[in-house]
Amino acid sequence: MKKASIFLFLSLMLILAACGNNAGKNESGTSKPENQAGQNSSAEKVTIKLYTNAKGDPGEPMMKLVAAFNEQNDHINVEHVALVQNNDSREMLQKLDVLSASGEEVDVVLLNNEGFVLERAGNGMLYPLDEFFTASNINPDNEYYRNPIFEGKHYAAMTDASFWFVALNETHLKEAGLAVPGFDWTWDDFREYSKKLAASGENRYGTYFHTFGEYANLIAYTDFKNPQLKEDGTLLFDDPSFEYWFNLRRAMEVEDKSVKPLADVLAAKQHWATDFMNGTTSMLPIAGYALDEAFLNTESYPRDFKITFAPLPRSSEAAEPGLTSISGSFLTMHKNSKQKEAAFEFIKFATMEGAELSGRIPGWKKADGKAVLAKIIGDKSDLVDNQVLSSVLFDERVHTAGSSTVSVAYQQQLKKVAEAGINKYLLDNSTYEQAEKYMMDEGQKIIAANP
(Lines give C-alpha, C1' and ligand atoms only; values in the text may rest on other atoms or scores of the structure.)
Protein backbone atom coordinates (compact mmCIF):
# COMPACT_ATOMS: atom_id res chain seq x y z
CA MET A 1 0.00 0.00 0.00
CA LYS A 2 2.80 2.32 0.89
CA LYS A 3 4.51 1.64 -2.48
CA ALA A 4 1.25 2.19 -4.33
CA SER A 5 0.69 5.50 -2.55
CA ILE A 6 4.17 6.67 -3.43
CA PHE A 7 3.60 5.67 -7.07
CA LEU A 8 0.34 7.57 -7.24
CA PHE A 9 1.93 10.62 -5.62
CA LEU A 10 4.83 10.62 -8.12
CA SER A 11 2.43 10.16 -11.05
CA LEU A 12 0.34 13.10 -9.88
CA MET A 13 3.42 15.31 -9.59
CA LEU A 14 4.53 14.39 -13.13
CA ILE A 15 1.08 15.28 -14.50
CA LEU A 16 1.07 18.64 -12.68
CA ALA A 17 4.58 19.42 -13.93
CA ALA A 18 3.55 18.60 -17.49
CA CYS A 19 0.53 20.89 -17.19
CA GLY A 20 2.74 23.67 -15.86
CA ASN A 21 5.16 23.32 -18.75
CA ASN A 22 2.29 23.52 -21.23
CA ALA A 23 0.84 26.72 -19.71
CA GLY A 24 0.72 29.46 -22.30
CA LYS A 25 1.02 26.98 -25.20
CA ASN A 26 -1.53 26.34 -27.91
CA GLU A 27 -2.53 23.02 -29.37
CA SER A 28 0.56 22.85 -31.57
CA GLY A 29 2.77 23.32 -28.54
CA THR A 30 3.94 26.85 -29.40
CA SER A 31 3.68 29.75 -26.96
CA LYS A 32 0.68 32.06 -27.24
CA PRO A 33 1.84 35.62 -27.99
CA GLU A 34 0.52 38.65 -26.16
CA ASN A 35 -2.32 40.49 -27.91
CA GLN A 36 -1.11 43.61 -29.74
CA ALA A 37 -3.32 46.66 -30.10
CA GLY A 38 -6.42 44.56 -29.61
CA GLN A 39 -5.48 42.16 -32.40
CA ASN A 40 -5.59 38.37 -32.25
CA SER A 41 -1.84 37.79 -32.34
CA SER A 42 1.42 39.16 -33.66
CA ALA A 43 1.65 36.13 -35.96
CA GLU A 44 -1.47 37.29 -37.78
CA LYS A 45 -1.66 40.53 -39.66
CA VAL A 46 -4.66 42.60 -38.72
CA THR A 47 -6.26 44.31 -41.71
CA ILE A 48 -7.68 47.81 -41.34
CA LYS A 49 -9.74 49.47 -44.04
CA LEU A 50 -8.89 52.94 -45.33
CA TYR A 51 -11.60 54.83 -47.21
CA THR A 52 -10.65 57.76 -49.47
CA ASN A 53 -11.84 59.49 -52.62
CA ALA A 54 -8.73 58.23 -54.45
CA LYS A 55 -8.81 55.54 -57.13
CA GLY A 56 -6.08 53.58 -55.41
CA ASP A 57 -3.44 53.96 -58.12
CA PRO A 58 0.14 53.41 -56.80
CA GLY A 59 1.24 56.96 -57.65
CA GLU A 60 -1.49 58.69 -55.65
CA PRO A 61 -0.22 60.46 -52.49
CA MET A 62 -2.10 58.37 -49.94
CA MET A 63 -1.26 55.15 -51.76
CA LYS A 64 2.44 55.93 -51.35
CA LEU A 65 1.91 56.13 -47.60
CA VAL A 66 -0.11 52.91 -47.54
CA ALA A 67 2.62 51.05 -49.45
CA ALA A 68 5.37 52.35 -47.15
CA PHE A 69 3.42 51.46 -44.01
CA ASN A 70 2.54 47.96 -45.19
CA GLU A 71 6.10 47.26 -46.22
CA GLN A 72 7.56 48.06 -42.81
CA ASN A 73 4.77 46.81 -40.56
CA ASP A 74 4.58 43.13 -39.67
CA HIS A 75 1.33 43.08 -37.73
CA ILE A 76 -0.98 45.59 -39.48
CA ASN A 77 -2.06 45.64 -43.12
CA VAL A 78 -3.87 48.65 -44.58
CA GLU A 79 -6.41 47.87 -47.27
CA HIS A 80 -7.55 50.78 -49.40
CA VAL A 81 -11.21 50.93 -50.36
CA ALA A 82 -12.10 53.12 -53.34
CA LEU A 83 -15.70 54.29 -53.13
CA VAL A 84 -15.45 56.47 -56.25
CA GLN A 85 -13.32 56.49 -59.38
CA ASN A 86 -13.53 60.20 -60.14
CA ASN A 87 -11.84 61.68 -57.02
CA ASP A 88 -15.15 63.37 -56.14
CA SER A 89 -14.97 63.84 -52.37
CA ARG A 90 -18.64 64.76 -52.00
CA GLU A 91 -19.81 61.64 -53.83
CA MET A 92 -17.43 59.57 -51.73
CA LEU A 93 -18.88 61.06 -48.54
CA GLN A 94 -22.44 60.30 -49.64
CA LYS A 95 -21.52 56.65 -50.13
CA LEU A 96 -19.58 56.59 -46.87
CA ASP A 97 -22.58 57.94 -44.98
CA VAL A 98 -24.70 55.09 -46.33
CA LEU A 99 -22.09 52.50 -45.33
CA SER A 100 -21.80 53.98 -41.86
CA ALA A 101 -25.54 53.92 -41.32
CA SER A 102 -25.61 50.25 -42.32
CA GLY A 103 -22.97 49.39 -39.70
CA GLU A 104 -20.23 48.56 -42.22
CA GLU A 105 -16.84 48.20 -40.55
CA VAL A 106 -14.68 51.17 -41.46
CA ASP A 107 -11.39 51.95 -39.73
CA VAL A 108 -9.78 55.08 -41.19
CA VAL A 109 -11.29 57.77 -43.43
CA LEU A 110 -9.44 60.47 -45.37
CA LEU A 111 -11.42 63.72 -45.41
CA ASN A 112 -10.30 66.53 -47.70
CA ASN A 113 -11.75 69.43 -45.78
CA GLU A 114 -11.85 70.56 -42.16
CA GLY A 115 -15.57 71.21 -42.49
CA PHE A 116 -16.12 67.59 -43.55
CA VAL A 117 -14.39 66.49 -40.33
CA LEU A 118 -16.57 68.70 -38.14
CA GLU A 119 -19.75 67.55 -39.89
CA ARG A 120 -18.99 63.90 -39.28
CA ALA A 121 -17.71 64.45 -35.77
CA GLY A 122 -21.01 66.18 -35.07
CA ASN A 123 -23.16 63.37 -36.47
CA GLY A 124 -21.29 60.76 -34.46
CA MET A 125 -19.51 59.00 -37.33
CA LEU A 126 -15.98 59.60 -36.01
CA TYR A 127 -14.11 58.49 -32.92
CA PRO A 128 -11.99 61.07 -31.04
CA LEU A 129 -8.21 60.62 -31.08
CA ASP A 130 -7.38 62.21 -27.73
CA GLU A 131 -6.78 58.99 -25.81
CA PHE A 132 -4.34 57.82 -28.48
CA PHE A 133 -2.55 61.16 -28.61
CA THR A 134 -2.17 61.04 -24.82
CA ALA A 135 -0.90 57.47 -24.83
CA SER A 136 1.71 58.42 -27.43
CA ASN A 137 2.69 61.65 -25.62
CA ILE A 138 1.57 63.70 -28.63
CA ASN A 139 0.32 67.26 -28.28
CA PRO A 140 -1.47 67.77 -31.62
CA ASP A 141 -1.32 71.56 -31.36
CA ASN A 142 2.48 71.31 -31.41
CA GLU A 143 2.52 68.83 -34.27
CA TYR A 144 -0.02 69.90 -36.90
CA TYR A 145 -0.88 73.20 -38.61
CA ARG A 146 -4.61 72.60 -38.21
CA ASN A 147 -6.50 70.56 -35.61
CA PRO A 148 -10.24 70.08 -36.11
CA ILE A 149 -11.79 70.13 -32.64
CA PHE A 150 -15.43 69.36 -31.89
CA GLU A 151 -16.82 69.82 -28.38
CA GLY A 152 -13.29 69.94 -26.99
CA LYS A 153 -12.04 66.73 -28.61
CA HIS A 154 -9.61 66.15 -31.48
CA TYR A 155 -11.09 64.18 -34.35
CA ALA A 156 -8.37 64.21 -36.99
CA ALA A 157 -4.68 64.36 -37.80
CA MET A 158 -3.51 66.49 -40.73
CA THR A 159 -1.90 64.67 -43.66
CA ASP A 160 -1.03 67.45 -46.08
CA ALA A 161 -1.13 71.24 -45.76
CA SER A 162 -2.28 73.48 -48.58
CA PHE A 163 -0.98 76.97 -47.94
CA TRP A 164 -2.86 79.62 -49.87
CA PHE A 165 -0.89 82.01 -52.08
CA VAL A 166 -1.21 83.96 -55.32
CA ALA A 167 0.10 82.35 -58.51
CA LEU A 168 1.24 84.79 -61.20
CA ASN A 169 2.12 84.46 -64.87
CA GLU A 170 5.75 85.62 -64.94
CA THR A 171 5.57 86.63 -68.61
CA HIS A 172 2.54 88.83 -67.98
CA LEU A 173 4.27 90.48 -65.03
CA LYS A 174 7.21 91.44 -67.24
CA GLU A 175 4.92 92.74 -69.98
CA ALA A 176 3.15 94.95 -67.44
CA GLY A 177 6.45 96.10 -65.91
CA LEU A 178 5.49 94.78 -62.49
CA ALA A 179 7.71 93.24 -59.83
CA VAL A 180 6.79 90.06 -57.97
CA PRO A 181 4.83 91.25 -54.89
CA GLY A 182 6.18 90.69 -51.39
CA PHE A 183 4.67 90.23 -47.95
CA ASP A 184 3.68 93.89 -47.61
CA TRP A 185 1.14 94.10 -50.41
CA THR A 186 -2.57 94.51 -49.65
CA TRP A 187 -5.79 93.62 -51.46
CA ASP A 188 -5.93 97.23 -52.69
CA ASP A 189 -2.52 96.63 -54.27
CA PHE A 190 -3.84 93.35 -55.66
CA ARG A 191 -6.63 95.25 -57.41
CA GLU A 192 -4.11 97.64 -58.99
CA TYR A 193 -1.98 94.73 -60.18
CA SER A 194 -5.05 93.13 -61.69
CA LYS A 195 -5.93 96.27 -63.65
CA LYS A 196 -2.40 96.69 -65.00
CA LEU A 197 -2.06 93.04 -65.94
CA ALA A 198 -5.38 93.06 -67.77
CA ALA A 199 -4.40 96.20 -69.66
CA SER A 200 -1.02 94.83 -70.73
CA GLY A 201 -2.42 92.22 -73.13
CA GLU A 202 -5.35 91.52 -75.43
CA ASN A 203 -8.30 89.40 -74.31
CA ARG A 204 -6.77 89.02 -70.89
CA TYR A 205 -8.14 89.20 -67.37
CA GLY A 206 -5.92 90.16 -64.50
CA THR A 207 -7.51 87.76 -62.01
CA TYR A 208 -9.65 84.66 -61.87
CA PHE A 209 -11.94 83.76 -58.96
CA HIS A 210 -13.58 80.34 -59.11
CA THR A 211 -16.78 79.26 -57.36
CA PHE A 212 -15.05 77.91 -54.24
CA GLY A 213 -16.50 79.06 -50.93
CA GLU A 214 -13.21 80.65 -49.92
CA TYR A 215 -13.65 83.24 -52.66
CA ALA A 216 -16.73 84.59 -50.86
CA ASN A 217 -14.27 86.36 -48.55
CA LEU A 218 -10.63 85.29 -48.48
CA ILE A 219 -9.95 87.74 -45.65
CA ALA A 220 -12.23 85.69 -43.40
CA TYR A 221 -9.91 82.73 -43.98
CA THR A 222 -6.71 84.61 -43.17
CA ASP A 223 -7.63 87.04 -40.40
CA PHE A 224 -10.09 84.93 -38.41
CA LYS A 225 -9.89 81.52 -36.74
CA ASN A 226 -13.32 80.63 -38.06
CA PRO A 227 -14.36 82.09 -41.44
CA GLN A 228 -18.08 82.11 -40.65
CA LEU A 229 -18.33 82.42 -36.86
CA LYS A 230 -16.91 84.78 -34.27
CA GLU A 231 -15.21 83.31 -31.22
CA ASP A 232 -18.36 84.01 -29.17
CA GLY A 233 -20.32 81.73 -31.52
CA THR A 234 -22.23 84.46 -33.36
CA LEU A 235 -22.16 84.90 -37.13
CA LEU A 236 -19.19 86.66 -38.72
CA PHE A 237 -21.15 87.81 -41.76
CA ASP A 238 -21.63 91.31 -40.37
CA ASP A 239 -17.88 91.85 -40.02
CA PRO A 240 -16.60 94.83 -42.09
CA SER A 241 -14.29 92.51 -44.02
CA PHE A 242 -17.29 91.04 -45.85
CA GLU A 243 -18.44 94.44 -47.07
CA TYR A 244 -14.92 95.33 -48.14
CA TRP A 245 -14.47 92.04 -49.99
CA PHE A 246 -17.85 92.10 -51.71
CA ASN A 247 -17.22 95.66 -52.93
CA LEU A 248 -13.74 94.68 -54.09
CA ARG A 249 -15.09 91.80 -56.14
CA ARG A 250 -17.79 93.97 -57.77
CA ALA A 251 -15.36 96.81 -58.49
CA MET A 252 -12.90 94.47 -60.16
CA GLU A 253 -15.67 92.97 -62.28
CA VAL A 254 -17.75 96.03 -63.17
CA GLU A 255 -15.45 99.05 -62.91
CA ASP A 256 -12.04 97.62 -63.72
CA LYS A 257 -13.17 94.70 -65.87
CA SER A 258 -10.03 92.92 -64.71
CA VAL A 259 -11.84 89.84 -63.38
CA LYS A 260 -13.87 87.32 -65.33
CA PRO A 261 -17.50 87.94 -64.29
CA LEU A 262 -18.95 85.34 -61.95
CA ALA A 263 -21.86 84.81 -64.35
CA ASP A 264 -19.39 83.73 -67.04
CA VAL A 265 -17.52 81.51 -64.61
CA LEU A 266 -20.72 79.71 -63.65
CA ALA A 267 -21.82 79.38 -67.28
CA ALA A 268 -18.48 77.94 -68.40
CA LYS A 269 -18.55 75.07 -65.87
CA GLN A 270 -14.83 74.67 -66.29
CA HIS A 271 -11.96 73.53 -64.09
CA TRP A 272 -10.58 76.17 -61.73
CA ALA A 273 -7.18 76.09 -63.45
CA THR A 274 -8.27 76.44 -67.07
CA ASP A 275 -8.13 80.21 -67.57
CA PHE A 276 -4.89 80.68 -65.68
CA MET A 277 -3.13 77.76 -67.33
CA ASN A 278 -4.13 78.77 -70.86
CA GLY A 279 -2.76 82.29 -70.30
CA THR A 280 -6.03 84.22 -70.49
CA THR A 281 -5.73 85.19 -66.79
CA SER A 282 -2.63 86.58 -65.08
CA MET A 283 -3.23 85.97 -61.34
CA LEU A 284 -4.88 83.21 -59.37
CA PRO A 285 -5.30 83.07 -55.57
CA ILE A 286 -5.17 79.34 -54.84
CA ALA A 287 -3.87 76.70 -52.42
CA GLY A 288 -0.92 74.31 -52.60
CA TYR A 289 -2.89 71.46 -54.15
CA ALA A 290 -2.58 73.44 -57.40
CA LEU A 291 0.97 72.17 -57.84
CA ASP A 292 0.22 68.57 -58.67
CA GLU A 293 -3.28 69.22 -60.03
CA ALA A 294 -2.19 71.82 -62.58
CA PHE A 295 1.06 73.77 -62.26
CA LEU A 296 3.35 70.76 -62.73
CA ASN A 297 0.91 68.85 -64.94
CA THR A 298 2.21 69.51 -68.44
CA GLU A 299 0.17 66.66 -69.89
CA SER A 300 -3.13 68.36 -69.10
CA TYR A 301 -1.80 71.94 -69.18
CA PRO A 302 1.05 72.46 -71.67
CA ARG A 303 2.25 76.06 -71.63
CA ASP A 304 5.06 78.41 -72.56
CA PHE A 305 5.27 80.56 -69.39
CA LYS A 306 6.73 80.18 -65.92
CA ILE A 307 4.66 80.57 -62.78
CA THR A 308 5.89 82.71 -59.93
CA PHE A 309 4.26 83.33 -56.57
CA ALA A 310 3.31 85.91 -53.97
CA PRO A 311 1.83 85.68 -50.47
CA LEU A 312 -1.87 86.30 -50.03
CA PRO A 313 -2.32 90.07 -49.69
CA ARG A 314 -2.93 91.68 -46.31
CA SER A 315 -6.43 92.87 -45.51
CA SER A 316 -5.02 96.36 -44.79
CA GLU A 317 -1.73 98.10 -44.16
CA ALA A 318 -2.33 97.59 -40.44
CA ALA A 319 -2.67 93.81 -40.76
CA GLU A 320 0.19 91.44 -39.99
CA PRO A 321 2.26 90.36 -43.00
CA GLY A 322 2.42 86.61 -43.59
CA LEU A 323 -1.10 85.71 -42.48
CA THR A 324 -2.46 82.99 -44.73
CA SER A 325 -5.10 80.33 -44.87
CA ILE A 326 -3.98 76.73 -44.50
CA SER A 327 -6.36 74.05 -45.68
CA GLY A 328 -5.59 70.39 -46.11
CA SER A 329 -6.62 66.77 -45.76
CA PHE A 330 -7.15 64.82 -42.56
CA LEU A 331 -7.09 61.20 -41.45
CA THR A 332 -9.90 60.31 -39.08
CA MET A 333 -10.92 57.20 -37.14
CA HIS A 334 -14.36 55.74 -37.74
CA LYS A 335 -16.54 54.87 -34.76
CA ASN A 336 -17.22 51.40 -36.23
CA SER A 337 -13.56 50.39 -36.20
CA LYS A 338 -12.85 47.26 -34.16
CA GLN A 339 -9.11 47.82 -34.49
CA LYS A 340 -8.79 51.35 -33.17
CA GLU A 341 -5.23 51.07 -31.86
CA ALA A 342 -4.06 49.59 -35.15
CA ALA A 343 -5.94 52.35 -37.00
CA PHE A 344 -4.13 54.98 -34.94
CA GLU A 345 -0.76 53.36 -35.70
CA PHE A 346 -1.40 54.03 -39.38
CA ILE A 347 -2.76 57.54 -38.74
CA LYS A 348 0.33 58.41 -36.71
CA PHE A 349 2.71 57.04 -39.34
CA ALA A 350 0.95 58.71 -42.26
CA THR A 351 0.84 62.13 -40.61
CA MET A 352 4.21 62.14 -38.85
CA GLU A 353 7.22 59.92 -39.60
CA GLY A 354 5.90 59.01 -43.06
CA ALA A 355 4.50 62.44 -43.85
CA GLU A 356 7.23 63.38 -46.33
CA LEU A 357 6.58 60.29 -48.48
CA SER A 358 3.24 61.38 -49.93
CA GLY A 359 4.63 63.90 -52.39
CA ARG A 360 2.68 66.77 -50.85
CA ILE A 361 3.59 69.42 -48.29
CA PRO A 362 3.03 67.68 -44.94
CA GLY A 363 0.60 68.98 -42.34
CA TRP A 364 3.22 67.98 -39.76
CA LYS A 365 5.07 71.09 -38.61
CA LYS A 366 8.31 69.20 -37.95
CA ALA A 367 8.69 67.92 -41.50
CA ASP A 368 11.27 69.52 -43.79
CA GLY A 369 8.85 71.38 -46.03
CA LYS A 370 11.54 72.94 -48.22
CA ALA A 371 13.07 69.55 -48.97
CA VAL A 372 9.65 68.11 -49.80
CA LEU A 373 8.88 71.04 -52.10
CA ALA A 374 12.19 70.57 -53.92
CA LYS A 375 11.30 66.91 -54.52
CA ILE A 376 7.81 67.82 -55.69
CA ILE A 377 9.14 70.27 -58.27
CA GLY A 378 12.10 68.06 -59.20
CA ASP A 379 13.38 68.78 -62.69
CA LYS A 380 10.44 71.07 -63.51
CA SER A 381 11.99 74.27 -62.16
CA ASP A 382 11.44 75.80 -65.60
CA LEU A 383 7.70 75.64 -64.92
CA VAL A 384 7.51 77.15 -61.45
CA ASP A 385 9.84 79.38 -59.45
CA ASN A 386 10.90 77.07 -56.63
CA GLN A 387 12.92 79.70 -54.77
CA VAL A 388 10.09 82.22 -54.62
CA LEU A 389 7.49 79.60 -53.74
CA SER A 390 9.67 78.22 -50.94
CA SER A 391 9.91 81.71 -49.46
CA VAL A 392 6.18 82.29 -49.78
CA LEU A 393 5.40 79.03 -48.00
CA PHE A 394 8.13 78.79 -45.39
CA ASP A 395 9.22 82.33 -44.57
CA GLU A 396 9.32 82.82 -40.79
CA ARG A 397 6.54 85.42 -41.10
CA VAL A 398 4.08 82.91 -42.56
CA HIS A 399 1.44 81.84 -40.06
CA THR A 400 -2.25 81.06 -39.75
CA ALA A 401 -4.86 82.46 -37.40
CA GLY A 402 -5.05 78.96 -35.89
CA SER A 403 -7.86 76.61 -35.00
CA SER A 404 -11.03 78.13 -33.61
CA THR A 405 -12.38 77.45 -30.15
CA VAL A 406 -15.77 77.45 -31.87
CA SER A 407 -16.54 74.39 -33.97
CA VAL A 408 -19.91 73.28 -35.26
CA ALA A 409 -21.15 70.35 -37.28
CA TYR A 410 -22.95 72.72 -39.68
CA GLN A 411 -19.81 74.62 -40.75
CA GLN A 412 -20.22 73.57 -44.39
CA GLN A 413 -23.78 74.87 -44.40
CA LEU A 414 -22.57 78.28 -43.26
CA LYS A 415 -19.92 78.22 -45.96
CA LYS A 416 -22.66 77.72 -48.54
CA VAL A 417 -24.52 80.71 -47.10
CA ALA A 418 -21.47 82.90 -47.74
CA GLU A 419 -21.24 81.54 -51.30
CA ALA A 420 -24.91 82.32 -51.87
CA GLY A 421 -24.42 85.78 -50.38
CA ILE A 422 -21.73 86.86 -52.80
CA ASN A 423 -23.59 85.24 -55.70
CA LYS A 424 -26.65 87.30 -54.79
CA TYR A 425 -24.52 90.44 -54.63
CA LEU A 426 -22.69 89.90 -57.93
CA LEU A 427 -25.42 88.23 -59.99
CA ASP A 428 -28.59 89.91 -58.73
CA ASN A 429 -27.01 93.35 -58.40
CA SER A 430 -28.32 93.63 -54.86
CA THR A 431 -26.97 96.13 -52.37
CA TYR A 432 -24.46 94.95 -49.83
CA GLU A 433 -27.01 95.57 -47.08
CA GLN A 434 -29.39 93.14 -48.80
CA ALA A 435 -26.67 90.54 -49.20
CA GLU A 436 -25.59 90.86 -45.57
CA LYS A 437 -29.17 90.59 -44.32
CA TYR A 438 -29.63 87.47 -46.44
CA MET A 439 -26.50 85.84 -44.98
CA MET A 440 -27.37 86.77 -41.40
CA ASP A 441 -30.95 85.53 -41.76
CA GLU A 442 -29.97 82.26 -43.42
CA GLY A 443 -27.15 81.72 -40.98
CA GLN A 444 -29.46 82.24 -38.01
CA LYS A 445 -31.90 79.70 -39.45
CA ILE A 446 -29.11 77.11 -39.56
CA ILE A 447 -28.03 77.90 -36.01
CA ALA A 448 -31.62 77.67 -34.79
CA ALA A 449 -32.02 74.28 -36.48
CA ASN A 450 -28.92 72.99 -34.71
CA PRO A 451 -29.34 73.83 -31.00
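What you see is a predicted model, and the numbers here were worked out from it, not measured in a lab.
- Counting non-hydrogen atoms of other residues, nucleotides and ligands closer than 6.0 Å to NZ of Lys230 gives a total above 12.
- Checked by atom type, the side-chain pair Tyr127/Ser337 shows no donor-acceptor distance below 3.5 Å.
- Aromatic ring pairs are classed by plane angle as parallel below 30°, tilted from 30° to 60° and perpendicular above 60°; the pair Tyr155 and Phe150 is perpendicular.
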Pair up each side-chain donor or acceptor in residues 372-387 with any protein partner under 3.5 Å, not counting sequence neighbours, and list the distances.
from, atom 1, to, atom 2, distance (Å)
Lys380, NZ, Leu296, O, 2.8
Asp385, OD1, Gln387, N, 3.2
Asp385, OD1, Val388, N, 3.1

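- Here Lys95 pairs with Glu91 in a salt bridge; the nearest charged N to carboxylate O distance falls below 4.0 Å.
- Each ring-ring contact (aromatic ring centres under 6.0 Å, His included) pair with one or both residues in residues 368-410, not counting sequence neighbours, would appear here, but there are none.
- Taking the ring axis of Tyr425 as reference, the NZ or CZ atom of Arg249 does not stay both within 45° of it and closer than 6.0 Å to the ring centre.
- A salt bridge is absent between Asp189 and Arg314; no separation between the charged side-chain nitrogens and carboxylate oxygens falls under 4.0 Å.
- Here Phe330 and Phe116 keep their ring centres 6.0 angstrom or further from each other.
- By the 4.0 Å N-to-carboxylate-O rule, Glu345 lies close enough to Lys348 to be salt-bridged with it.
- By the 4.0 Å N-to-carboxylate-O rule, Asp395 lies close enough to Arg397 to be salt-bridged with it.
- Using cut-offs of 30° and 60° on the angle between ring planes, the pair Phe305 and His172 is parallel.
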For Glu442 and Lys424: C-alpha separation, side-chain torsions, deciding distance, then whether salt bridge (Lys or Arg N to Asp or Glu O under 4.0 Å) applies. CA-CA 13 Å; Glu442 293 301 308; Lys424 181 179 181 65; over 6 Å; no
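- Side-chain contact annotation: Tyr301 with His271, donor-acceptor N/O pair under 3.5 Å present.
- A perpendicular orientation is assigned to the rings of Phe209 and Trp245, their planes being inclined by more than 60° (bins at 30° and 60°).
- Side-chain contact annotation: Thr186 with Asp188, donor-acceptor N/O pair under 3.5 Å absent.
- Not less than 6.0 angstrom separates the ring centroid of Phe276 from the ring centroid of Tyr208.
- In this structure, Trp185 has its ring center closer than 6.0 angstrom to the ring center of Tyr193.
- Using modelled atom types and a 3.5 Å distance limit, the side chains of Ser430 and Asp428 yield no donor-acceptor pair.
- Between the side chain of His210 and the backbone N or O of Phe212, no donor-acceptor pair lies under 3.5 Å.
- For the residue pair Trp272 / Glu293, a side-chain donor-acceptor distance below 3.5 Å is found, with atom types taken as modelled.
- Every ring pair (Phe, Tyr, Trp, His ring centres under 6.0 Å) that Tyr432 has, sequence neighbours left out, goes to Phe246.
- Side-chain contact annotation: Tyr51 with Glu79, donor-acceptor N/O pair under 3.5 Å absent.
- Between Phe190 and Trp187, the ring center distance clears the sub-6.0 Å criterion.
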Carefully, step by step, assess Arg250 and Glu253 under the rule salt bridge (Lys or Arg N to Asp or Glu O under 4.0 Å). CA-CA 5 Å; Arg250 177 178 280 176; Glu253 274 194 21; over 6 Å; no
